[in-house]
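Position 1 is the first residue of the sequence; numbering continues from there.
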Amino acid sequence: MYIQNGVWAIISRDNKFTFFKSLRVRITVILFFIGMVPCIIATNVVVQSYEDRAVTIREMNVKNQCDILCDSLVAENYLENLDSTVLNSQISLVSTFYSGRVLIVNRDLKVVRDTYDIDMGKTSVSKEIVNTFETGKGSTQYDDENAYILMTFPIKSRDVSSVEGVMLISISTNDIVQNAQSLENGGLMVTVAVCLAVLILGYVLAGFLVQPFLRITHAIEDVSDGFADEAISVPDYTETELITTAFNQMLSRVRSMDASRQEFVSNVSHELKTPLASMKVLADSINGQENVPIEIYREFMSDITQEIDRENEIITDLLALVRLDRKAAKMNIESTDIGKLLEDILKRLRPIADKHSIELHLAINAQVTADVDASKISLAFSNLVENGIKYNVEGGSVRLSLNADKRYFYVTVQDTGMGMDEEQIEHIFERFYRGEKSHSSEIEGTGLGLAITKSVIMLHHGVIRVSSKVGEGSSFHVRIPIEFNS
Ligand code: ADP
């Protein structure tokens, strides 16, 4: 059976017993125990103290009666005169009154009086009787298992110097035990009634208590099914507030991710369409003319090739970025000589720099071997150096320096180019962002280079900072941990 009401299920679809997973059931069970345990304890305490008190009172009463009787026995010299009718009837009276048995034993441990007439004339060497003879003091014992009180009283000589006999009385406490039993039964009934009431009330109340959680579930379901769009609010408890706040934060994060994904897709489409549009215009204009000389064809075809190259460049950059974006971007970490890596980058880019008469310098101030993904890091620094060349002036320079301390290595890429203003710096790491000058001065680029660089540095748990002044140049400062911790 599977019952789904958003709160609990007796047996889940995969047949696992999930009844006790329900908060409602757990609250009910807790309330049940909270109701049951005190009832049981209270019943036991009441019954026990009743029994103790009743036995004590019974003992006191019997003791008083028997003390008086013993005094009479001594006064009348009963042990010498066993036929005393008055004393015998007093003994019988005590015995009947307490529904017990009275035995009188003389010095020779012989039973001289037994209200049950069973042990008359027999010798009694019970521990209690012998003790009373020896100590001259009476004793009291309560046997709760067999429900009787056993008491002994010394019958002393008239001058109180010796013990002449012992009176032993055993009284039944059945009435006390019965009273205790009926008290216990009453307590049990109250306990059962309380437990039942707690169970029913607890289940109903627990239903109310978990209502806000149900409302959260419904609100979240509405959002995920697309029926609701706003932040959810269930302020009934601090806990529900915490859950809804966390959910709303997650929702707004998901939304902003969705928005940036949409923006990214529209940027990508736009960027990819631009070269295509140029190619179409070029192709249409040749097609629209008749008898076009071969030179014009060549010129247009070379323009179309340029646009294809640009399209290719954008796609290559996009692929690089998408690969880096994947959460599980596979990092191929290896111990790498960073100085050598920078030298290789400069060697590769020197021909392009030479074209624009730009000097490339490298200052290795520390020998650094770091745990990095060499190809990704190489791509990141190449982008910085390429930008240093692209956005430079004829005859300018790009200076790289490498430094390190115990935990990090630092790379600075400094150029003498056009520089950037504050507003531009804020956006340069965004995808497809290109500075105004980059557009107008026809410097080639996709606007993805710095986004790629930043992603790579972040994957290495590093940071990148920029300082720049318009007309004077820019410096990119990178700090990356020498040891890679995933
Ligand atoms: P791209 O170079 O392809 O345009 P980037 O992401 O590498 O894309 O750079 C984004 C923008 O940042 C560039 O268009 C340019 O305006 C600015 N920029 C980047 N590096 C420099 C630099 N060294 N000097 C001046 N401006 C720069």
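- Here the CG atom belonging to N403 is positioned 11.0 Å from the CD1 atom belonging to I364, to the nearest 0.5 angstrom.
- Of the possible polar contacts, none joining the S357 side chain to the G395 backbone as a donor-acceptor pair under 3.5 Å is found.
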Assess whether side chain to side chain contact (heavy atoms under 4.5 Å, CB included) is satisfied between T453 and V478, documenting all intermediate values. CA-CA 10 Å; T453 300; V478 178; 5.8 Å; no
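- At a threshold of 4.5 Å between non-hydrogen side-chain atoms, the residues D354 and R350 count as touching.
- Considering V413, I345, L349 as possible partners of E386, the one that fulfils the side chain to side chain contact (heavy atoms under 4.5 Å, CB included) test is L349.
- Summarising the local packing, CD of E221 is surrounded by more than 12 heavy atoms from other residues, nucleotides or ligands at distances under 6.0 Å.
- Judged purely by atom type and a 3.5 angstrom limit, T173 has no side-chain atom pairing as donor or acceptor with the backbone of I176.
- Side-chain contact between F484 and V372 is absent, with no heavy-atom pair separated by less than 4.5 Å.
- The structure places CD1 of I220 at 7.5 Å from CE of M250, a figure rounded to the nearest 0.5 Å.
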Decide yes or no on side chain to side chain contact (heavy atoms under 4.5 Å, CB included) for F476 and I428, but give the supporting numbers first. CA-CA 12 Å; F476 287 81; I428 54 173; 4.0 Å; yes
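- Checked by atom type and distance alone, the side chain of N332 never pairs as donor or acceptor with a backbone atom of D373 at under 3.5 Å.
- In summary, R255 and D258 do not engage in a salt bridge, as defined by a charged side-chain N under 4.0 Å from a carboxylate O.
- Cation-pi contact between R26 and F20: absent, since separation from the ring centre below 6.0 Å together with deviation from the ring axis within 45° is not met.
- The one candidate from L321, D317, N267 that meets the side chain to side chain contact (heavy atoms under 4.5 Å, CB included) condition with R431 is L321.
- Between K340 and D337, no side-chain nitrogen of the basic residue sits less than 4.0 Å from a carboxylate oxygen of the acidic one, so the salt-bridge criterion is not met.
- Using a 4.5 Å cut-off on side-chain heavy atoms (C-beta onward), S468 and I425 make contact.
- Shown here for D371 and H460, the closest heavy-atom pair between the two residues is O-CD2, 4.4 Å.
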Apply side chain to side chain contact (heavy atoms under 4.5 Å, CB included) to N365 and Y410, showing your working. CA-CA 10 Å; N365 301 317; Y410 305 84; over 6 Å; no
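- In plain terms, the two heavy atoms of E128 and L150 that are nearest each other are CD-CD2, 3.7 Å.
- The salt bridge (charged side-chain N to carboxylate O under 4.0 Å, His left out) pairs that include a residue from residues 390-402 number zero, where partners must be two or more places apart or lie in different chains.
- No more than 12 heavy atoms of other residues, nucleotides or ligands shown are found within 6.0 angstrom of CZ on F33.
- In this structure, the side chain of T240 engages the main chain of V234 through a donor-acceptor pair within 3.5 Å.
- For E483, the CD atom sits in a loose shell: 12 or fewer heavy atoms of surrounding residues, nucleotides or ligands are nearer than 6.0 Å.
- C39 and G35 get closest at one heavy-atom pair: SG-O, 3.4 Å.
- The two residues D415 and G388 come nearest to each other via the heavy atoms OD2-CA, 3.6 Å.
- Residue Q262 qualifies as enclosed at atom CD: its count of foreign heavy atoms under 6.0 Å is above 12.
- A donor-acceptor pair is defined here as one N or O able to donate and one able to accept, closer than 3.5 Å; such a pair exists between the side chain of Q289 and the backbone of S285.
- Between the H361 side chain and the S397 main chain, no donor and acceptor come within less than 3.5 Å of each other.
- Aromatic ring orientation, Y237 versus F213: tilted (interplanar angle from 30° to 60°).
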For a side chain to side chain contact (heavy atoms under 4.5 Å, CB included) check, start with the C-alpha distance between K280 and L276, then their side-chain angles and the critical distance, and finish with the verdict. CA-CA 6 Å; K280 185 163 166 44; L276 284 176; over 6 Å; no
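- Put simply, the residue from E51, E59, R58 that forms a side chain to side chain donor-acceptor pair (under 3.5 Å) with Y142 is E51.
- Note on R310 versus E271: salt bridge recorded, some NZ/NE/NH1/NH2 to OD/OE distance being below 4.0 Å.
- Side-chain N/O atoms of S382 and R348 include a donor and acceptor closer than 3.5 Å.
- For the pair F432/V268, a side-chain contact is recorded, criterion being any heavy-atom separation below 4.5 Å from C-beta on.
- Under a 3.5 Å cut-off, the side chain of N248 and the backbone N or O of I232 do form a donor-acceptor pair.
- The CD1 atom of I308 lies 9.0 Å from the CG atom of N312; values are rounded to the nearest 0.5 Å.
- Checked by atom type and distance alone, the side chain of H427 never pairs as donor or acceptor with a backbone atom of G435 at under 3.5 Å.
- For A206 against T28, the heavy-atom pair with the smallest separation is CB-OG1, 3.9 Å.
- Remark: D303 CG to I286 CD1 distance equals 8.5 Å, nearest 0.5 Å.
- Separating the OG1 atom in T316 from the CD atom in E311 is a distance of 10.5 Å, to the nearest 0.5 Å.
- Side-chain atoms of V470 and Q424, non-hydrogen and from C-beta on, never get closer than 4.5 Å to each other.
- Residues E307 and P275 share a closest heavy-atom pair of OE1-CA, 3.3 Å.
- Taking the side chain as every heavy atom from C-beta outward, Y98 and I149 never approach each other to under 4.5 Å.
- Here the CD1-CG distance, from I358 to N392, works out to 4.0 Å after rounding to the nearest 0.5 Å.
- In this structure, I457 and V463 have side chains that are not in contact, with every pair of non-hydrogen atoms separated by 4.5 Å or more.
- No side-chain heavy atom of V194 sits less than 4.5 Å from a side-chain heavy atom of M36.
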